[in-house]
Amino acid sequence: MRPLVAEIDLDALRHNYQLACRCAPHSRSVAVIKADAYGHGALECARALESLAPAFAVACIEEALTLREGGITQPIVLLEGIFTANELALVDAHGFWVAVHSQWQVDALLAARPDQPIPVWLKVDSGMHRLGFAPHEAENIWRQLKAAPSVAALHLMSHFASADALDNRCFNQQMEQIQALASALDAPLCLANSPATLAWPVAHGDWNRPGVMLYGSDPLEVANEVTQQLQPVMTLRSKIIALRELEEGEPVGYGGRWRAQRRSRIAVVACGYGDGYDRHAVDGTPVLVNGQRCPIAGKVSMDMLTVDVTDVPDAAIGSDVVLWGRAQNGEVLRVDEVARYCDTISYTLLTGVLPRAPRRYHECSV
Ligand SMILES: *Cc1c(COP(=O)(O)O)cnc(C)c1O
């Protein structure tokens, strides 16, 4: 069988979740497990966090229903709320919580007669200008929802555009908007994504919404002593399936992008863009061969990629290759670092791992 697997360390997931909680001891943290838990398997991750997380968050009702059908009983927040008014019946039946960002969603809620009042997070656009009501609109809507018998546990929610940046001007402007509104309404808050959970205590609310940090990715522009404690959850692992010696000047792969500068040993690894590995990986993108860093040499193909292992004499057919995550010798290659070589972010690499790479789950403690 092809050796490529995405190993998922559920102990690391729990460790990272607990780290998020320790960063914000006065908040509760919804574990954000949208997009199939950032590619890690939503149901498996939810089960691993079930005894720790008081609630989960997903993007849409389809994702929430998958969790319910899998036996997850916690509240589940729909971060974009309903997409059609008739979803409110399912929201009511399954005890989901909804974000509300548009007038038609407000109208649907005010018209609804659910069996149980529906917990609502009113989304305010504090400066990101994607979803949510402008602060001056939000005040009136807040009062309407507050008075509605169909609505419970109303919270004010907002999302930061650049909580990951060292430069705090955007963040501070957004915070000012939110704080002014929150004090006028005496509203409980739900603001912080991973970077704000890690770096901006002022943004910690009644609830926080850490996502990518749960999977061990450092969301901050500059790592700190807390983010260094994050443990990688996914190890994308494969093996060397062929080796060859090249003379100086000989090219490798499509278009001959890489050429040997010396006599070189090239390993072919069973992993390609058909598995979700990013085709934009440049020459020099690191992988771990037997736990040692080696550079990618040549363009990534659909089913394979090529690595310069000239400096790893013990590299052989069958040698362990880690594309990101933790090698058998304990060496870690962070997905964040790989992402920089691919001119992207960890989120796209993690969510991009395709079903051809089977997920294999590991945990010691339960
Ligand atoms: C995805 C998402 C989050 C989590 O963001 P991370 O950067 O992964 O921590 C939080 N809030 C909302 C509204 C989201 O869509």
[X] side chain to [Y] backbone, donor-acceptor under 3.5 Å:
X	Y	answer
R14	A48	yes
S194	G211	yes
Q74	A53	yes
E250	L246	no
D308	I266	no
H204	T197	yes
N16	L13	no
T351	Y347	yes
D92	I118	no
Y17	S29	yes

Going by distance alone, is a donor N or O of one side chain under 3.5 Å from an acceptor N or O of the other, for S126 and Q174?
yes
Which pair of heavy atoms, one from I178 and one from S158, lies closest together, and at what distance?
CD1-CB, 3.8 Å
Should the pair E245-R265 be classified as a salt bridge under the 4.0 Å nitrogen-to-oxygen rule?
yes
Is the shortest distance from a Lys or Arg side-chain nitrogen in R263 or E248 to a carboxylate oxygen in the other one below 4.0 Å?
no
Would you say [atom1] of [X] has more than 12 non-hydrogen atoms from neighbouring residues, nucleotides or ligands within 6.0 angstrom?
X	atom1	value
Q144	CD	yes
D343	CG	no
Q228	CD	yes
Y254	OH	no
H280	NE2	no

The test is side-chain contact (heavy atoms from CB on, under 4.5 Å); show your working for L323 and L305 and say whether it passes.
CA-CA 10 Å; L323 289 314; L305 53 80; 4.0 Å; yes
Could you check if a side-chain atom of C170 sits within less than 4.5 angstrom of a side-chain atom of N172, using non-hydrogen atoms only?
no
